[in-house]
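Structure record follows, encoded as structure tokens.
Just so you know, ligand 1 is whichever comes first in the structure, and atom 1 is the first atom listed for that ligand. Throughout, residue positions are numbered sequentially from 1 according to the sequence presented.
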Amino acid sequence: MSNISIAIDGPAGAGKSTIAKIIAKVKKLTYIDTGAMYRAVTLKCIQEQVDLQDHRQVEAVLMDTKIELIGDSIFLNGTNVSEEIRRSEVNKWVSEVAKLSAVRKKMVEMQRAIADSQSVVMDGRDIGTFVLPHAAYKFFLTASIEERAKRRFEEQQQKGFSTSLAEVKSEIENRDRIDTERDLAPLTQARDAILIDTTGLSIEEVVDKILSYIQ
Ligand code: C5P
């Protein structure tokens, strides 16, 4: 049997990873969090104290960056950085790093290789439009900015991060703007993706909606 791919894209805080993880579990597929990969590169750049707007410095760091996805964890040059990649400094810079062509090239190659070798649920910004244009199923999840900010704020509070709702909202808006306006594979709904507005819906309702499309 050949591998199948399910692409789940959308803006920050739309619930993609929560939903994608559940779909992967129910359908016995591998969940791939592509945002975590861009976050890991960003973390490495922060650790190396490079000027994040200097392409050449970031590219040099990239050559020395090894990312592995093992289970629900992400490893950066052998270290589990699953928690660290959620830090506010990473939130602040990740979209700038993710704009760079060398970064995208390396991440997309890895993502395609993973999807070639196994059936996946992959979430991100450009999965349906660019990484896996032939994915069997494509979904674009969105929600109002208020709801997305509230969800992220609650998540961060649970993790013990001290930040305000207003800060979270402006960080999300900033990332969405950079992700939407960038030249390479910007955040946009694929023409053949199913749009789901998750505002006011429970996790179960969104999962049921998605499962209703998947045979
Ligand atoms: O999904 P998450 O919010 O963790 O993604 C962090 C950032 O990584 C996004 O804001 C975006 O800049 C970048 N990203 C991307 N392409 C993807 C996934 C994430 O550019 N496929």
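The pair Glu146-Lys150 does not meet the salt-bridge criterion, since no charged nitrogen lies less than 4.0 angstrom from a carboxylate oxygen. For Arg175 and Glu173, the salt-bridge test fails: no basic side-chain N is under 4.0 Å from an acidic carboxylate O.
Seen from the ring of Phe130, Arg112 counts as a face-on cation partner, given the 6.0 Å and 45° thresholds.
No side-chain donor-acceptor contact under 3.5 Å links Arg148 to the backbone of Ala14. With hydrogens and angles ignored, the 3.5 Å screen pairs no side-chain donor or acceptor of Arg87 with any backbone N or O of Glu89.
Near ligand 1, residues Thr34, Gly35, Tyr38, Arg39, Arg86, Val94, Ser95, Ala98, Arg104, Gly124, Arg125, Asp126, Ile127, Arg175, Asp179, Arg182 come within 4.0 angstrom through at least one heavy atom.
Looking at Val90 and Glu84, their side chains never come closer than 4.5 Å, going by heavy atoms from C-beta outward.
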